[in-house]
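These figures come from a predicted structure and were not determined experimentally. Every chain is numbered from 1, with letters handed out A, B, ... down the list of sequences.
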Protein chains: 4
Amino acid sequence: MRAAAEEFAVRGLDASVADIARRAGVGKGTVFRHFATKDDLIAAIVLDRIAVLTGVGERLLEAADPGAALLEFLTIAAQQQQQRDLSFLQEVGEPSAAVVQARSRMFQTIHALVGRARDNGAVRADITGSDVILLMCAPGYITSYVPDAPPGLWRRYLALIFDGLRPDGASPLPHPPPAGP
Amino acid sequence: MRAAAEEFAVRGLDASVADIARRAGVGKGTVFRHFATKDDLIAAIVLDRIAVLTGVGERLLEAADPGAALLEFLTIAAQQQQQRDLSFLQEVGEPSAAVVQARSRMFQTIHALVGRARDNGAVRADITGSDVILLMCAPGYITSYVPDAPPGLWRRYLALIFDGLRPDGASPLPHPPPAGP
Amino acid sequence: MRAAAEEFAVRGLDASVADIARRAGVGKGTVFRHFATKDDLIAAIVLDRIAVLTGVGERLLEAADPGAALLEFLTIAAQQQQQRDLSFLQEVGEPSAAVVQARSRMFQTIHALVGRARDNGAVRADITGSDVILLMCAPGYITSYVPDAPPGLWRRYLALIFDGLRPDGASPLPHPPPAGP
Amino acid sequence: MRAAAEEFAVRGLDASVADIARRAGVGKGTVFRHFATKDDLIAAIVLDRIAVLTGVGERLLEAADPGAALLEFLTIAAQQQQQRDLSFLQEVGEPSAAVVQARSRMFQTIHALVGRARDNGAVRADITGSDVILLMCAPGYITSYVPDAPPGLWRRYLALIFDGLRPDGASPLPHPPPAGP
DNA sequence: AATGAATGAGGCTTCATTCAT
DNA sequence: CATGAATGAAGCCTCATTCAT
């Protein structure tokens, strides 16, 4: 069922429940059996992705090379983000308490990953976890507007962005990081 | 009238024509007098932005410092992109011939700007105009999900992305650029 | 099962089959096992009530005091009517043959009860069985719109209505009784 | 438009907006132009009736014969109530503030009318305004279940009920009046 | 026999678009 | 020209009913 919500990837969050049901090969009513609301369906997908990513991130906290760990985390994040309009930041209406909590735990993990990489000199000193949280969805976004994007194109832009995070040739940043998440 | 379509900035492309008309202080019918279709209204806004940006780009082609010129172009592009959901790449339905043509002219300008900067050594050799076209909307996108983003936050991410484009400490890119635009 | 349809009393006839099944502690399917249709379920409840009332009425035909017998009949009818929206007259769709027949037998009984009371001088001469049939649901109806009606409130209005049926101080009625049932 | 909502009279409050629109000879959307919500439409009808009745009631407070005034009030109320399921007491969801206020003013008027009639000896001493408020919808209700009721049938039952309110042959009432409205 | 997952018709509501004034 | 009333397609959601397990 959740797999059928890949409709969101193609049509964006405006995909109608009818379309989703058709793609899933079930009736409209069946979708509502599982998710009382379209927002609930979206929340379930987001929650699932957050959980996976948090798991990955927590495992990578144990990795030997903090810089490589962060890059791998971003790689996996971008990979799963290959479906537009479902960034973890997305808020359709108010996010449920469950989403807020899961997100906050994921954010903590990311802050830790970034902290380790920064301490290690793998990323520049003026980068915060919040920066990475915001940047992590960019590769997915960037490639989402290429009509028939080749499958690995996002890797190109992740690499470019990650290069920007590296200490080499870093120019001073013109604005402080957001206090945000 | 077009200025009234700043409603899109606040509510996204789902803003209703009624809201737009109210903000513009005119009747709904008047909107349709000028733009036969909501999509036409969007196209007009996009077209306008493309024209402005193309003008800026063409002027910057004459600038002395190709690297600074590219950065300034991206700065202006990001600045005007501070309104979510209206990237130049956006396609609601099929883009009209006019949009396609204007866009293609803008793309040519960007290719030229990037070519100059690359020849000058201001950006890495493996970067193409298409890359920059795709990256130019990212600062706007990135900051669009920060609830109460401070006004200049996008500059931070533009700087980071631009650092990634610089030759210093460039790592090899894992995927060729898109043939695309 | 039928007892579980007291849900109708609380929520009206719009109570969903799911709620009814839950209250009955069975699955939705089981409800449909016993009653092919929601209307059938309603009909069964109505039928049951009609049968009870008919029994009561027929027994009261033997009572010594015809006036008291009629009052008692109305009391019992009102008592059981304390659940809104299930008057015997209610027709959801077309009443089944069984309902029509049971109802008609109950109507005969009421006509007989009223006839005896009228002959006895307990109720005014211009009252027919049809009048009583129509009036008998009124106490239930009247109290159904009192938000937190005290349990015996209906007795007050039954008494008032019954006083109207008494010969004392009867004013001439402005319209003939319905030919109806 | 409001006149077209006589659909409620035939089908009850479950009448669909589509049916109402069809009967009114307009499109569904037009109904929502005038009443943002189906409940708003109902409230508008109820409000209108309440206003009319309150006007009538306040005028009748000046009448010479308090008993006749009350009877006339009830006659007009019953007349307008000839459409089932739209009693003033009806609450679909929560009644709006406007309905609550208008209703309360109407209730005050009724209390005054009843008070005068009681002081005058036209109705029994143990009757309150609340009783009359509850009884006033009964004629409409009673006749609503007669399939092809003759037009003036309700007058018969109003007369019977009013006879019950008269002091002649009044038997003691078994339950106190509701505190309610 | 019982269950509850699946279904799809139908209800309310929104909104782009048309058109008489 | 401008307006806003009218329209109806389309979306979300509920619920009676069916049916495989």
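Nearest-nucleotide assignment on DNA chain E puts the 5′-proximal partner with C:R33, out of C:R33 and D:D19. Each of A:G25 and C:T30 was matched to the nucleotide of DNA chain E holding its nearest heavy atom; the match closer to the 5' end belongs to C:T30.
Look at B:H34 and you won't find any side-chain N or O under 4.0 angstrom from OP1 or OP2 of F:dC1.
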Stepwise side-chain contact (heavy atoms from CB on, under 4.5 Å) check, D:M136 with D:L53: CA-CA 12 Å; D:M136 69 190 282; D:L53 259 195; 3.6 Å; yes
Audit row: C:I20, C:L41, side-chain contact (heavy atoms from CB on, under 4.5 Å) steps and yes/no: CA-CA 11 Å; C:I20 292 169; C:L41 170 56; 4.1 Å; yes
Worked verdict on C:L134 versus D:T143 for side-chain contact (heavy atoms from CB on, under 4.5 Å): CA-CA 7 Å; C:L134 289 173; D:T143 53; 5.7 Å; no
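By the 6.0 Å contact criterion, CZ on B:R23 is enclosed, its count of non-hydrogen atoms from other residues, nucleotides or ligands being greater than 12.
Between B:R22 atom CZ and E:dA16 atom P there is a gap of 12 Å when expressed in whole angstrom units. Atom CD of B:E7 and atom P of E:dA16 are 11 Å apart (whole Å). Distance, D:I20 CD1 to E:dG10 P: 17 Å, rounded to whole Å. B:I42 has its CD1 atom 14 Å from the P atom of E:dC15, to the nearest Å.
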5'-to-3' dot-bracket of DNA chain E (Watson-Crick, G-U; under 3.5 angstrom; crossing pairs as [ ]; | other strand): .||||||||||||||||||||
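B:T37 contributes no side-chain N or O that, together with a main-chain N or O of B:D40, makes up a donor-acceptor pair within less than 3.5 Å.
Just one of B:V46, B:V100, B:D39, B:L47 meets the side chain to side chain contact (heavy atoms under 4.5 Å, CB included) condition when paired with B:P95; it is B:V100.
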Contact state string [nucleotides 12-21 of chain F, B base, S sugar-phosphate only, - no protein heavy atom under 4.0 Å]: SBB-SBB---
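The two residues C:V17 and C:F32 have their closest heavy-atom pair at CG1-CE1, 3.5 Å.
Interatomic distance, CZ of A:F8 versus CG of A:D14, reported as 9.5 Å (0.5 Å rounding).
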